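Below, read A as the first sequence line, B as the second, and so on, with proteins coming before strands; counting in each chain starts at 1. Quick caveat: nothing in here was measured; it's all calculated off a predicted structure.
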Amino acid sequence: MLRLHARPDRLTFPFVLRSVAALGEVGMGRVLHGMLVKVGVEMDLFVRVSLVDMYVKVGLLGCALQVFDQSPERVRSESVLLWNVLINGCCRGGELGRAVETFEAMPVRTSGSWNILIHGFLRAGDLVRARRFFDRMPQEMKNVVTWTTMISGFSQNEDHEQALGLFRRMLEEGVRPNDHTIVSALSACASIGALRTGVWIHEYISKKGFRLKRIVGTALVDMYAKCGKIDSASQVFGEVREKNLLTWTVMISGWATNGCSDLALQWFEDMINAGVKPDDVVFLAILTACSHSGMVKEGLRLFNSMRFDYDIEPNVKHYASMVDLFGRAGQLEEALNFIEKIPIKPDFVVWGALFCACRAHKNIEMAELASKKLLQLEPTHPGSYIFLSNIYAGVGRWEDVERVRRTMKSKNIEKPPGWSYIEVDDQVHRFLAGDKTHQHSQEIFAKLEEVTVKASAEGYNPDTKWVLHNIEEEEKEDALGSHSEKLALAFGIMSTPNGTTIRIVKNLRVCGDCHSLMKYVSMVSGREIILRDIKRFHHFKDGMCTCRDYW
DNA sequence: GCTAAAGTCA
């Protein structure tokens, strides 16, 4: 346009500035601002809003403020948007105090003003202040964006229960959800394995005639896959129109985490044949599938194909996955050799993968080497210490376990809390290790005792190795073997009819003792137990697990 | 003909 000497005017700039903002082109933003002044473009409110927003998005809050302060319209009520984008800028720049001041100072407020501020708090992880402003916001101003902001914000801050509670309240208040809302709610269901709520949302959107478009469809497939309903996931996948790479990725990782590695690889081929170009994420999913099922050759072939056929540079996660692939298969020397050849610095996850393999295959020397690296890389990461204490516990060196525990205590390093979710009658229950706060706590512990006794009669033997590596407050509860997944299991058995499948979601890796107990319980109770841990699904039935004790 | 705020994958 400039080359043809056509003069941009006040109507041209908003478009261009928006592009600059989206691309984060700081230099170009300044050039445009300069050009605008030089050619004497009339600075109306549109131009100013676009300018302030551009500066906000490229991270120049000072410049945004300058333009704002020079805007004569800012005191008039039609300038709300100018204030709104500035508040957004303060929030993005981490200046929440200033955002609130600006918010309180503005002449008029719209829904957007509130929404932007609430979003700012949520992004900063300040759920309390977000909630406070949400409660203060006039009821009639709350719109679908307000509710969706709250739902996704709470979910992104790991409070999925409150997120779903907000979703229910929103419907009660008669606010109609849109695609954004549905996706946020489904994502919350996926995070905590709230299958019944997820199914309910599925029914709701079918009834309300939502088309299974790409993003809603993908969120639905992901929800089913993460709730262990992989058949439903694949059925929904078939109904999604205009699938894209992401739709395929959630489905393929779904097969992989649900223990169907063959299908993961098969569907990957289908995806390629459908003309969808793979990326680094989907490759990570199929490499994981290979390592979970011991397909070393296939994994290696795919790793090479990724680099040579698709020109995708492996990142540290791919390398970690390869170490895992060799390590799980017991090829520890290959794993170590592989690490030494990695062109980038191996991180915590890479050495962690080697460590886990060493523990599983009982190679103490290499485990100690890996553990040393872990401590060097992340001296304050609780995992480094837990790994180390695991090795010692494994070979019965209890004084060393004790020493590690003391070190952690003196450095104020705490083990991350383990929690498990279970959904019973549309209600999600969360348990912490040793949790006695549940209203049916006594019955739960009695039930746990009862199933443990039954399981023991069949040959279950509590594995003290897993109990003793735990530390701090958990120690006492661990003596009772009350890991969160066990409590959820007992609660599930006592509060659902015989034969009902039990579904549990845990935030950490399942421990060997819990895994063993679940196998026996699936046998003695005749129930299927589906446990999702941080890595994958364990599907227990008739005393066996789909992970084949290899996870 | 133009300006803001909410969403899916490892």
Could you check which of B/dA6, B/dC9, B/dG7 has an atom nearest any side-chain atom of A/Ile215?
B/dG7
Would you mind reading off the distance between A/Phe237 atom CZ and B/dT8 atom P, rounded to a whole angstrom?
19 Å
Whole-Å distance separating the CG atom of A/Leu246 from the C1' atom of B/dA10:
11 Å
Could you check whether A/Gln156 gets within reach of a base, just the sugar-phosphate, or nothing at all, counting any heavy atom under 4.0 Å?
sugar-phosphate
Reckon A/Arg123 has a side-chain N or O less than 4.0 Å from the OP1 or OP2 of B/dA6?
no
Students often get this wrong, so: under 4.0 angstrom with heavy atoms, is A/Lys57 touching a base, only sugar-phosphate, or nothing?
sugar-phosphate
Minimum side-chain heavy-atom gap A/Pro278-A/Ile272 below 4.5 Å:
yes
Salt bridge flag under 4.0 Å for residues A/Asp222 and A/Lys226
yes
Using a 4.0 Å heavy-atom cut-off, does A/Arg18 contact any base of the nucleic acid, only the sugar-phosphate backbone, or nothing at all?
sugar-phosphate
Counting the atoms with a prime plus P, OP1 and OP2 as sugar-phosphate, which does A/Asn84 contact under 4.0 Å by heavy atoms, base, sugar-phosphate, or nothing?
base
Atom-pair distance (CE on A/Met271; C1' on B/dC9), nearest Å:
12 Å
Side chain of A/Val145 only, heavy atoms from C-beta on: which candidate in B/dA6, B/dG7, B/dC9 is closest?
B/dA6
Starting from P on B/dG7, measure out to CE on A/Met223 and report it in whole angstrom.
19 Å
Can you say whether the rings of A/Tyr421 and A/His160 are parallel (under 30°), tilted (30 to 60°) or perpendicular (over 60°)?
perpendicular
Atom CG of A/Leu45 and atom C1' of B/dA4 are separated, to the nearest Å, by 12 Å
Side chain of A/His180 (C-beta onward), nearest among B/dA6, B/dA10, B/dT3:
B/dA6
Nearest-nucleotide pick for A/Asp222, side chain only, options being B/dA4, B/dC9, B/dG7:
B/dC9
With no angle test and no hydrogens, is the base of B/dA6 tied to the side chain of A/Asn178 by a donor-acceptor pair under 3.5 Å?
yes
In whole Å, I'd like the distance from the CD1 atom of A/Ile116 to the C1' atom of B/dA5.
5 Å
Would you indicate what A/Asp279 reaches in the nucleic acid, counting non-hydrogen atoms under 4.0 angstrom: base, sugar-phosphate, or nothing?
nothing
Check every strand shown and say whether A/Phe15 touches a base, only sugar-phosphate, or nothing at a heavy-atom separation below 4.0 Å.
sugar-phosphate
Taking 4.0 Å as the cut-off, does a side-chain nitrogen or oxygen of A/His119 come that near to OP1 or OP2 on B/dA5?
no
Checking all strands, does A/Val85 fall into the base, sugar-phosphate, or nothing category for heavy-atom contacts under 4.0 angstrom?
sugar-phosphate
Give the nucleotide from the list B/dT8, B/dA10, B/dC2 with an atom nearest to the side chain of A/Ser187.
B/dT8
Can you tell me which nucleotide in B/dA5, B/dC9, B/dC2 comes closest to the side chain of A/Asn143?
B/dA5
Do A/Arg136 and A/Glu104 sit within salt-bridge range, that is, some charged N less than 4.0 Å from a carboxylate O?
yes
With the side chain of A/Pro14 defined as its heavy atoms from C-beta on, choose the nearest nucleotide among B/dC9, B/dC2, B/dA6.
B/dC2
Using atom CG of A/Leu186 as one end and atom P of B/dA6 as the other, report the distance to the nearest whole Å.
19 Å
Would A/Glu73 and A/Arg48 pass as an ion pair if we require N to O under 4.0 Å?
yes
Where the side chain of A/Asn88 is defined as all heavy atoms beyond and including C-beta, which of B/dA10, B/dA5, B/dG7 is the nearest nucleotide?
B/dA5
What is the distance from atom CZ of A/Arg301 to atom CG of A/Asp309, rounded to the nearest 0.5 Å?
8.5 Å
SB check A/Glu423 A/Arg196 (cutoff 4.0 Å):
no
Using whole Å, what does the distance between atom C1' of nucleotide B/dC9 and atom CH2 of A/Trp255 come to?
17 Å
Using a heavy-atom cut-off of 4.0 Å across all strands, would you classify A/Lys213 as base, sugar-phosphate, or nothing?
nothing
From the set B/dA10, B/dC2, B/dT8, return the single nucleotide nearest to any side-chain atom of A/Lys226.
B/dA10
Using the side-chain heavy atoms of A/Thr149, tell me which of these nucleotides is nearest: B/dA4, B/dT8, B/dA6.
B/dA6
